[in-house]
Amino acid sequence: MIIGLTGSIASGKSTVAKMLEEVGLPIVDADLVARIVVEPGTPTLKNISEVFGKEVLLENGELNREKLGEIIFHNPAKRVELNSIMHPAIRQEMLRQRDELTEAGEPHIVMDIPLLFESHLQHFVEKILVVSVTEENQLTRLMERNHLSKEEALARIATQLPLSEKEKGADAVIYNNRDLENTRTQLLAILKEWDII
Ligand SMILES: CC(C)(COP(=O)(O)OP(=O)(O)OC[C@H]1O[C@@H](n2cnc3c(N)ncnc32)[C@H](O)[C@@H]1O)[C@@H](O)C(=O)NCCC(=O)NCCS
Ligand SMILES: Nc1ncnc2c1ncn2[C@@H]1O[C@H](COP(=O)(O)OP(=O)(O)OP(=O)(O)O)[C@@H](O)[C@H]1O
C-alpha cells in the first residue's frame with residue numbers, strides 16, 4: 001500500500017514519519033527530495049538562479065534557503081514561479097524513489113508530501129493520512145522551530161490549505177496536540193486498522 005502522509009507546515013509530519021520508520025516502513029520524503037534536486041550542478045538550481053538572481057545562492061554555490069524562503073513566502077507570484085521550476089523535478093525524483101522501493105519488494109511505502117492537496121497529488125497514493133494540530137500549537141511550534149516572528153510564521157501558514165480542508169480529504173487523521181506517546185498510539189491504531197502492522 002502507498003500511504004500519503006500530509007498535513008500543514010509544522011503540524012508534525014516529520015515527527016510521524018520518524019515513528020513510521022521505527023515500525024520499518026520506508027519513507028519517500030518530498031522535503032528531502034526538494035533539497036536533492038537543487039544541489040549544485042543541477043539544471044533546477046541553474047534555472048532558479050537565472051530567474052531569482054545570484055542573490056539566492058551562497059558563496060559556495062549552494063542554494064540560500066533562508067533567502068529564497070523570505071522571497072517566496074511573501075510573494076505569491078514568486079512562489080508560483082518557484083513551484084513551476086521545482087515541482088516537476090521533485091515529482092519525477094519521488095516517483096523514481098517509490099518505484100525503486102516497490103521493485104525492491106517493499107509491501108508498504110510512505111510518501112511524505114506537505115503539499116499533497118495543494119499540488120493535487122492524491123493519485124500518487126492509495127491512503128491519505130493527515131497530521132493535524134490546532135492553529136495555536138501550529139503557530140507556537142513553527143515560531144520556535146524556525147525562529148520566526150508571529151507575522152512570518154502566519155505568512156507561511158497562509159500559503160497552504162487550512163488543515164480543516166485537508167482533514168476532509170483524509171482516510172485517517174492524527175491529532176498531534178498532546179505528547180508524542182499519544183500521537184504514537186493514534187498512529188499504531190490506524191496502521192492496525194489498515195492491516196499494515
Ligand atoms: C523555499 C525553501 C528553499 C525554504 O527552505 P527551508 O529549508 O526554509 O524549508 P523546508 O524546505 O524545510 O520546508 C518547510 C516547509 O515549508 C512548506 N513549504 C515549502 N515550500 C513551499 C511552497 N512552495 N508552498 C507552500 N509551502 C511550502 C512545507 O510545509 C515544508 O514542509 C524550500 O521550502 C523550497 O525549496 N520550497 C520549494 C519546494 C517545495 O514546494 N517544497 C515543499 C514540498 S515538495
Ligand atoms: N506532539 C508534539 N508535542 C510537542 N512538540 C511537537 C509535537 N509534535 C511535533 N512537535 C514539534 O513541532 C515542530 C514541528 O514538527 P515537525 O517538524 O514534525 O512538523 P512537519 O509537519 O514535518 O513540518 P514541515 O512541514 O515544516 O516540515 C518540531 O519542532 C517538533 O519537534
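As the structure lists them, so they are numbered: ligands from 1, and atoms in each ligand from 1. We're numbering straight along the sequence, starting at 1.
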Provide the number and element of each atom of ligand 1 under 4.0 Å from a heavy atom of [X].
{"X": "D31", "result": "30 (C), 31 (O), 42 (C), 43 (C)"}
{"X": "I9", "result": "15 (C), 16 (O), 17 (C), 29 (O)"}
{"X": "M86", "result": "35 (O), 37 (C), 38 (C)"}
{"X": "T159", "result": "25 (C), 26 (N)"}

What is the nearest protein non-hydrogen atom to [atom], stated with its residue, atom name and distance?
{"atom": "atom 24 (N) of ligand 1", "answer": "R79 CD, 3.5 Å"}
{"atom": "atom 19 (C) of ligand 1", "answer": "F73 CZ, 3.8 Å"}
{"atom": "atom 22 (C) of ligand 1", "answer": "L115 CD1, 3.8 Å"}
{"atom": "atom 9 (O) of ligand 1", "answer": "R65 NH2, 4.3 Å"}

Can you tell me if [X] uses its side chain to pair, donor with acceptor, with the backbone of [Y] under 3.5 Å?
{"X": "K13", "Y": "S8", "result": "yes"}
{"X": "N146", "Y": "L148", "result": "no"}
{"X": "E126", "Y": "I2", "result": "yes"}

Output for ligand 2, non-hydrogen cut-off under 4.0 Å, lists S8, I9, A10, S11, G12, K13, S14, T15, D31, R141, R145, N176, R178, L180
Applying side-chain contact (heavy atoms from CB on, under 4.5 Å) to Q186 and not counting sequence neighbours gives I174, Y175, N182
At under 4.0 Å between heavy atoms, which part of [X] makes contact with ligand 1: side chain, backbone, both or neither?
{"X": "I72", "answer": "side chain"}
{"X": "E118", "answer": "neither"}
{"X": "L82", "answer": "side chain"}
{"X": "N83", "answer": "side chain"}

Derivation and outcome, side-chain contact (heavy atoms from CB on, under 4.5 Å), residues M19 and L180: CA-CA 10 Å; M19 295 175 184; L180 294 183; 4.1 Å; yes
query: Hey, is R35 one of the residues with a heavy atom under 4.0 angstrom from ligand 1?
result: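 Yes, that is the case, since the closest heavy atom of the residue is under 4.0 Å from the ligand.
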query: Going by heavy atoms, is H87 under 4.0 Å from ligand 1?
result: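 The answer is yes, since H87 has a heavy atom less than 4.0 Å from ligand 1.
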Test of understanding: clusters of I, L, V, M, F, W, Y form through side-chain heavy atoms closer than 4.5 Å, transitively. Do L45 and V37 belong to the same one? yes
